[in-house]
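Below is one structure, written out as structure tokens; comments come after it.
Residue numbers begin at 1 in each chain, while the letters A, B, ... track the order of the sequences.
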Amino acid sequence: MPYSKEQIGALVRPDSVNKSIYTDPELFKLEMQRIYGRIWVYVGHDSQVPNVGDYHATMIGDQDVVMVRADDGKVHVLYNRCPHKGAMVVPEGNGCAGKFFRCPYHGWTFRLNGHHLAAPMKLGLEGTRFDPASPEFSMRELARVDSYRGFVFASQAADGIPLPEFLGGARSSLDNFCDRAPEGEVVASKNVFRVIQRANWKVFYENLNDTMHARVTHESAIQAARDEVKAEGLEQMPLRLHIMENNGQPYEFWEKLKLVAFDHGHSYMEGIFDPGSIKKDPISHAHYQTLIDAYGEKRALEILSENRHNTIIYGSGSPHTVFQQFRIIRPLSVDRTLIEIQVFRLKGAPEEVYRRALMYCNVINSPASAVMPDDLEVYFRCQMGNRTRGGEWVSQHRYAGTDKPIDGGLVAINGTSELPMRNQFNAWKQYMLAAA
Amino acid sequence: MPYSKEQIGALVRPDSVNKSIYTDPELFKLEMQRIYGRIWVYVGHDSQVPNVGDYHATMIGDQDVVMVRADDGKVHVLYNRCPHKGAMVVPEGNGCAGKFFRCPYHGWTFRLNGHHLAAPMKLGLEGTRFDPASPEFSMRELARVDSYRGFVFASQAADGIPLPEFLGGARSSLDNFCDRAPEGEVVASKNVFRVIQRANWKVFYENLNDTMHARVTHESAIQAARDEVKAEGLEQMPLRLHIMENNGQPYEFWEKLKLVAFDHGHSYMEGIFDPGSIKKDPISHAHYQTLIDAYGEKRALEILSENRHNTIIYGSGSPHTVFQQFRIIRPLSVDRTLIEIQVFRLKGAPEEVYRRALMYCNVINSPASAVMPDDLEVYFRCQMGNRTRGGEWVSQHRYAGTDKPIDGGLVAINGTSELPMRNQFNAWKQYMLAAA
Amino acid sequence: MPYSKEQIGALVRPDSVNKSIYTDPELFKLEMQRIYGRIWVYVGHDSQVPNVGDYHATMIGDQDVVMVRADDGKVHVLYNRCPHKGAMVVPEGNGCAGKFFRCPYHGWTFRLNGHHLAAPMKLGLEGTRFDPASPEFSMRELARVDSYRGFVFASQAADGIPLPEFLGGARSSLDNFCDRAPEGEVVASKNVFRVIQRANWKVFYENLNDTMHARVTHESAIQAARDEVKAEGLEQMPLRLHIMENNGQPYEFWEKLKLVAFDHGHSYMEGIFDPGSIKKDPISHAHYQTLIDAYGEKRALEILSENRHNTIIYGSGSPHTVFQQFRIIRPLSVDRTLIEIQVFRLKGAPEEVYRRALMYCNVINSPASAVMPDDLEVYFRCQMGNRTRGGEWVSQHRYAGTDKPIDGGLVAINGTSELPMRNQFNAWKQYMLAAA
Amino acid sequence: MMLMEEKFDYSTEATKRVAVPADTYQQLSQFLYHEARLLDTRQWDAWLKLWTPDGMYWIPRSRDQQSPYDALSLCWDDDVLRRVRMRILDSPRRWSQQPRSYASRLIGNVTVDGTDSDGCLLVRSVIHMTEWRRETMFHRAGSCVHKLVADGDSWKIKLKRVDLIDCDGAYEAIELYM
Amino acid sequence: MMLMEEKFDYSTEATKRVAVPADTYQQLSQFLYHEARLLDTRQWDAWLKLWTPDGMYWIPRSRDQQSPYDALSLCWDDDVLRRVRMRILDSPRRWSQQPRSYASRLIGNVTVDGTDSDGCLLVRSVIHMTEWRRETMFHRAGSCVHKLVADGDSWKIKLKRVDLIDCDGAYEAIELYM
Amino acid sequence: MMLMEEKFDYSTEATKRVAVPADTYQQLSQFLYHEARLLDTRQWDAWLKLWTPDGMYWIPRSRDQQSPYDALSLCWDDDVLRRVRMRILDSPRRWSQQPRSYASRLIGNVTVDGTDSDGCLLVRSVIHMTEWRRETMFHRAGSCVHKLVADGDSWKIKLKRVDLIDCDGAYEAIELYM
Ligand code: FES
Ligand code: FES
Ligand code: FES
Ligand SMILES: [Fe+3]
Ligand SMILES: [Fe+3]
Ligand SMILES: [Fe+3]
């Protein structure tokens with residue numbers, strides 16, 4: 001049942017989307033081609049492959065790819081496939097290929113940029129259509145690779161807008177992310193969380209700027225934190241509880257947050273906590289000091305004042321500037337998604353800033369955390385409920401029709417607006433139709 | 001490959017059916033629409049939701065639904081889906097929603113009849129197409145809900161015959177089921193068995209009145225019961241062995257049983273054991289006494305004399321009047337079915353009658369019982385064998401062409417007739433064609 | 001998306017095949033019909049069912065079949081399906097049916113050749129379309145069954161070339177296999193290995209004569225064997241290490257091997273090790289002596305000199321004459337294959353010859369062996385890599401265009417030629433087009 | 001009949017703590033291991049002899065199930081039903097045991113809880129049983145209470161209660177005792 | 001706060017071998033079984049009392065992870081986070097516990113490794129935990145080190161480190177402590 | 001070579017019952033736990049030293065397999081093959097160990113069966129091994145017999161036989177010893 005342009009167009013209304021968008025495997029296949037097969041997708045961070053030969057094998061949509069540091073010092077992104085019999089050349093995960101790739105099946109070798117290097121006993125290939133110079137006999141490179149402040153993206157389409165234009169306003173989050181490092185650069189931590197969500201990938205994107213869910217979905221953690229403080233007679237909420245409890249802010253709090261949406265599906269929401277006052281909190285203060293040393297006081301303050309919660313880079317995932325993480329969102333199937341969570345060190349910042357980011361991630365993002373499981377549960381419930389005939393549409397009515405245009409995007413008139421979701425599906429529709 | 005009317009019609013012959021009926025996932029999808037999506041299906045018993053707010057979340061075909069006692073005192077059946085983002089509002093199983101449903105994702109609330117009650121921060125929805133009065137913003141109720149003597153059924157189609165007409169002659173089994181209670185009502189037990197069958201759902205229906213299989217399929221249990229009596233030198237077969245061993249009655253026994261088939265696929269077979277003579281057996285006698293007190297001797301005898309083994313309510317499952325159980329049959333996929341087995345207390349009858357029903361169920365229907373596993377095995381073997389090219393048709397020839405019409409159905413001339421199966425597939429064909 | 005002849009034809013080029021051949025479930029379904037549904041497929045060995053009633057239940061393609069020794073003393077192959085409700089009559093595996101088959105569901109019985117024997121209470125079937133003489137009421141026999149020197153094959157198509165013609169030049173391997181037994185017959189061992197490969201079935205066939213992979217894929221075992229000899233200061237490589245280490249022969253060794261391909265996809269490669277000189281090695285010597293006694297010295301030498309490594313019988317698997325095994329290749333799904341490995345005793349040969357074959361199999365073919373896991377890994381890697389867009393074609397260029405015709409096949413000019421793969425896909429194309 | 005009449009003390013709470021000497025603890029552990037081994041190796045007769053004549057084998061269907069008489073149980077088997085099950089498992093006509101099931105029972109966390117009001121010893125353990133049939137693994141896990149009656153220098157089982165973590169789950173056939 | 005400050009000795013290598021008498025070994029085993037049982041049976045309060053006030057619960061995210069301070073951990077929980085988890089598990093608004101998870105923890109291979117530099121006892125064990133939720137079984141397996149401080153005739157847990165064989169795998173929600 | 005010549009006594013039935021003192025039983029248990037730990041933690045060399053030079057490692061392929069010489073075995077490994085396996089597992093070119101397998105072996109139900117005709121001790125146990133590779137869990141379960149030869153105050157393994165419940169099942173690669 002191939003979808004016509006009209007049918008796809010009809011799935012997205014200005015204030016709601018058809019539930020089949022989350023449940024139809026056919027649409028998922030189309031997304032793999034028209035979205036993940038075309039747009040810029042985050043592959044990994046530069047610092048994951050510091051030395052020549054280092055690689056990170058991962059997926060873009062349904063494609064196994066390998067990000068590698070080649071002899072030119074640049075990061076390349078190749079399909080993880082040997083052109084001989086098709087074997088994945090490196091296993092999933094991280095490693096070092098050495099000076100070149102060597103396929104484990106028959107030992108064909110490839111330069112780190114994927115170019116054919118050698119096949120054993122070459123004589124047997126002479127006089128045949130085998131041609132070492134043809135891309136048919138190399139590990140193929142993805143059509144386009146670029147990076148923004150160390151964050152490496154790739155696109156499988158040769159044509160299309162360049163990366164900076166694609167990122168648009170979301171660049172400011174990556175900028176602030178890196179600016180928070182006195183040396184202007186960040187370094188990925190050694191390990192990551194990987195969390196399986198039994199729901200469609202788009203559900204996670206919608207949740208990232210969904211300010212209305214926090215109080216309700218996370219009520220058990222909010223209440224537990226409050227009860228703990230009370231039971232233990234603590235004078236103030238320790239940070240590790242505050243980051244749970246803060247979800248319980250009254251609606252008025254959420255309404256005041258700034259929500260900014262950008263073209264191509266991106267957006268961000270204003271920060272919901274200050275990890276600590278730069279005056280009183282010793283970690284924040286020490287961080288501030290290193291920034292002053294690096295940038296001067298004005299700029300340092302400017303950088304730390306740019307307080308954002310989740311930023312969305314549609315199709316890639318979500319950087320969090322204040323707690324230095326990047327949540328990569330990988331669709332696995334129509335009802336299964338992998339969330340991969342990286343934490344970063346800010347180069348030149350005190351180690352405590354990194355430890356605080358680890359702590360935040362352990363407490364909030366770990367699959368064993370107080371917070372994440374409830375999100376996973378409601379996502380799963382959406383996936384299940386949307387199989388039923390209990391209604392055709394998924395609502396995004398909140399503050400629909402009130403969004404204000406800004407340069408390259410829209411801004412919400414209220415922090416509880418469902419603008420980010422509408423913005424995502426607007427982009428989704430464009431992607432799905434453009435490539436039809 | 002959409003099926004035409006002709007193709008579907010050709011799957012069912014008067015004396016046999018095409019094996020693809022059990023194995024083709026496309027037909028399964030059609031069944032979910034044309035049968036489970038339309039006919040009356042048993043949801044649960046009234047007594048499972050005694051108080052306002054009590055719910056029982058279950059499935060009708062491929063649809064997650066929730067049976068709930070609303071403030072009007074009536075039982076409602078809703079799709080288990082929040083109209084906001086589509087979340088299942090209550091988890092699977094039983095619980096109490098309190099005064100209203102509240103969705104765990106963003107806290108939208110619904111009256112117990114599903115009607116929209118409130119969404120937090122309503123202001124954000126004003127001026128949009130959101131309309132609390134529109135069904136698009138409520139938990140949707142199934143098209144029709146009705147109950148028969150406490151057994152609640154629902155239909156997803158607004159049109160169609162009413163429940164009593166649908167049940168037809170099978171009502172007499174539900175009547176006798178309840179009449180066996182001195183107070184005329186039954187109460188579901190706290191727990192149920194749930195058994196997975198790796199075979200198509202229709203295989204179970206066919207088996208329910210399949211008198212020819214008992215001696216063969218259950219030979220190991222029959223023989224073990226006999227050997228036990230012999231080895232232990234028992235004078236008479238204790239009831240817990242009798243209910244196993246009785247399957248081993250000679251064919252002459254089965255031939256004499258009455259088999260009655262009704263329109264819409266229903267049927268029943270005559271009882272195969274008397275749990276105990278009302279004269280000699282103390283439990284039966286005590287039961288009889290309570291019935292005499294309630295109804296008088298004549299009616300009491302009449303009630304207990306109506307001795308039926310499995311009744312089939314097509315699409316719902318099988319009530320067993322004498323041992324007070326209801327086996328609900330839930331199709332999961334073309335080759336996977338869930339059997340859920342409820343046991344009931346007869347209101348006003350001695351507790352021993354209930355205990356006997358528990359004992360019967362433990363010994364016969366438990367997934368760990370002597371009997372059930374062999375049924376599951378042969379069902380699985382049918383599912384496997386029907387994947388092969390070893391023949392196109394499944395035979396229902398036994399006494400084909402000899403069935404005698406009665407009002408609203410047919411009666412077999414022999415207790416080993418395959419009339420009930422032919423009757424089921426006749427109905428199946430009508431359902432599948434009517435809705436085409 | 002039904003494949004046209006043109007589309008199927010375009011999947012196979014003279015020197016490469018389209019990767020979808022390994023990954024498209026639609027093509028897998030077609031293969032089940034056009035290849036496994038038609039050609040001669042190995043079912044099992046005569047000696048697995050020595051006595052009347054003995055059966056071996058297995059699969060041919062996607063069909064459950066049972067190989068049985070009937071009262072006529074011959075081996076029959078039936079679909080494992082009861083014509084009543086379709087139940088598999090015997091469970092998977094081996095057993096003895098006794099004098100006839102009896103279905104566990106309702107006790108219909110069948111002669112050992114599948115013919116209807118009896119249904120209980122026959123009276124109920126009289127006057128209906130039930131006809132015990134019609135194949136519709138028997139266990140259906142496969143269209144054609146034949147055996148070659150005890151190896152039983154069946155074809156699901158009534159028409160087509162006879163077995164000997166189908167086997168063609170591959171017969172010589174089965175001949176040598178049996179000739180190695182002084183009594184000219186072999187007997188299957190009591191147990192088999194069964195190994196799951198997470199890759200398409202054709203990958204295994206390609207590997208069987210793939211001389212270029214050994215040094216690379218098995219490097220860890222080769223090196224470990226060498227290190228062990230060195231570390232322990234052994235003077236010569238013991239046989240159990242030699243059979244691992246021999247994969248590490250220099251390319252020159254592999255280049256010299258003879259590669260012979262036959263029509264219908266079959267082929268063989270020359271032996272890569274001599275299990276032991278008939279002069280020096282006591283087991284080989286003893287074997288030789290028994291052959292001399294049976295056949296005379298000249299013929300004995302001739303037989304033992306025919307040293308072949310893997311022979312391929314396309315669609316069936318791979319006999320190995322020197323170490324007396326048959327690896328049966330069973331496709332399970334497009335990306336899953338079962339390899340079943342039988343070892344044989346040579347009738348009349350010393351028991352040590354059999355033990356050596358067991359040892360070889362334990363060390364090389366066991367799922368827990370040093371060798372098999374690396375093959376399974378690269379097969380899986382091919383399956384994964386061929387999902388990507390990293391290239392459309394799988395290369396078989398090595399010595400393409402140089403193959404020399406012989407009677408009923410082709411011979412390679414170099415032992416590292418990919419002739420056997422080209423030959424397989426040439427046959428594949430013919431099968432897939434012939435039956436279109 | 002114990003299946004329906006409430007004479008049998010099916011409680012598993014210790015009314016009295018007892019301190020057992022190290023070697024008794026060791027013997028109790030060995031008793032449980034021995035029982036498991038008899039089941040693993042299909043030595044049904046020997047296993048049946050471990051029981052008191054009135055002993056009951058119980059697998060509740062509900063969490064913290066209070067009684068076998070007011071709700072369904074996966075098993076609530078007296079001596080007759082235990083023997084019948086073993087006869088069935090050995091029957092050549094037990095279709096659901098073609099092919100057969102095989103299992104491995106790991107018994108651990110053995111703890112002596114005390115004695116009940118009749119002086120029976122209450123021994124608690126954890127059981128993880130892995131079962132194999134028709135190329136499929138089944139995992140059964142839960143806690144076990146053995147109510148034991150002294151018998152010479154060993155014990156007899158008066159009650160064995162197995163609380164599965166998935167006691168209220170959906171099951172395919174359960175062929176074997178745990 | 002232990003979560004971020006490196007004052008706490010999270011090492012699990014014994015610096016000194018010790019020979020424990022048979023009955024101590026027995027008591028240590030029972031201590032571990034008891035702990036597992038408290039978790040199996042959701043006796044959170046009693047479980048919380050097994051800990052020293054500064055005790056830390058650690059499930060590393062990497063193999064042979066050297067420190068909780070330089071990389072992510074699945075859990076690195078102090079007393080506050082332990083208590084909060086238990087409050088959450090009991091909350092009627094913990095959506096991810098509707099339906100609830102149930103688990104069975106089998107503890108085995110109990111070995112006394114020795115003592116650390118503070119004289120704490122290091123006890124190593126293997127844990128296989130089978131967990132059940134929403135008709136799905138989850139298997140968690142790995143090795144455990146308990147760092148124990150003597151407390152009267154029993155012990156308190158100063159550190160519990162669980163190294164899962166799939167510590168770097170992808171997970172659905174992990175609701176329960178091991 | 002033991003692989004093919006029937007000199008080696010691979011029987012595992014005790015010909016003589018023996019009563020072992022409590023502390024010997026304890027040491028035997030610790031010996032088995034130690035063996036499991038060496039495998040869990042990839043300490044191959046130390047594990048190889050647990051064996052007698054002629055020791056054999058056997059995983060039969062059939063139920064109640066009588067001999068390694070008349071039918072296939074999953075493993076029938078002498079010292080050479082044991083050492084080669086360990087070399088392979090450590091090889092950077094073992095493709096099937098990229099990514100690596102990790103496993104946790106729980107040993108329980110330890111029972112001393114007696115001695116064989118050579119006076120070797122026969123110790124029976126149950127092993128549940130959970131293995132992890134490439135986001136997949138594998139479960140291996142069965143019974144184990146160790147045939148042990150006294151060696152100072154410890155033992156050496158003369159034969160280790162592991163009977164898996166799925167010994168005749170279909171397998172993906174089995175990389176690790178149990
Ligand atoms: S598949 Fe890579 S070298 Fe052959
Ligand atoms: S999904 Fe139900 S309130 Fe949002
Ligand atoms: S299915 Fe075989 S006899 Fe009925
Ligand atoms: Fe959230
Ligand atoms: Fe039955
Ligand atoms: Fe190989």
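- Heavy atoms of C/C82 lying under 4.5 Å from chain B are absent altogether.
- Ranked by non-hydrogen atom pairs under 4.5 Å with chain B, the options C/R129, C/M59, C/E136 are led by C/R129.
- Interface remark: B/Y379 contributes side-chain atoms only to the contact with chain C (heavy atom separation under 4.5 Å).
- The contact between B/D210 and chain C is made entirely by side chain atoms (from C-beta outward), counting heavy-atom distances below 4.5 Å.
- Neither the backbone nor the side chain of B/E377 comes within contact range of chain C; no heavy atoms are under 4.5 Å apart.
- The choice from C/V65, C/V89, C/L125 that makes the most heavy-atom pairs within less than 4.5 Å of chain B is C/L125.
- Only the backbone of C/N80 comes within contact range of chain B, with heavy atoms under 4.5 Å apart.
- B/W428 and B/F425 have tilted rings, their planes meeting at an angle from 30° to 60° on a 0 to 90° scale.
- Heavy-atom pairs under 4.5 Å with chain B peak, among C/R102, C/K122, C/E141, at C/R102.
- Cation-pi geometry between B/R308 and B/Y268 is met: under 6.0 angstrom from the ring centre, within 45 degrees of the axis.
- For C/F166 and C/H264, the distance between ring centers is under 6.0 angstrom.
- Ring centroids of C/F137 and C/F130 are separated by less than 6.0 Å, placing the two rings close together.
- Contacts with chain B were tallied for C/A87, C/G37, C/P135; C/A87 has the most, counting heavy-atom pairs under 4.5 Å.
- Looking at every heavy atom in both residues, C/S147 comes nearest to C/V152 through CB-CA, 3.8 Å.
- The aromatic ring centres of C/H76 and C/Y55 sit 6.0 Å or more apart.
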Worked check of side-chain hydrogen bond (donor to acceptor under 3.5 Å, both in side chains) between C/T128 and B/R398: CA-CA 8 Å; C/T128 73; B/R398 196 168 285 275; over 6 Å; no

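- Using a 4.5 Å heavy-atom threshold, the side chains of C/R69 and C/K74 count as separate.
- Neither the backbone nor the side chain of B/T402 comes within contact range of chain C; no heavy atom of the residue lies under 4.5 Å from a heavy atom of that chain.
- Only the side chain of B/D15 has a heavy atom closer than 4.5 Å to any heavy atom of chain C.
- The contact between C/P83 and chain B is made entirely by backbone atoms, counting heavy-atom distances below 4.5 Å.
- Proximity of the aromatic rings of B/Y314 and B/H266 is defined here by a centroid distance below 6.0 angstrom, and this criterion is not met.
- With a 4.5 Å cut-off on non-hydrogen atoms, B/E206 touches chain C through its side chain but not through its backbone.
- With a 4.5 angstrom heavy-atom cutoff, C/M139 does not touch chain B via any of its atoms.
- Heavy-atom pairs under 4.5 Å with chain C peak, among B/R389, B/R215, B/M212, at B/R389.
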Verdict with reasoning, B/H309 to B/N209, per side-chain hydrogen bond (donor to acceptor under 3.5 Å, both in side chains): CA-CA 8 Å; B/H309 195 52; B/N209 287 174; over 6 Å; no

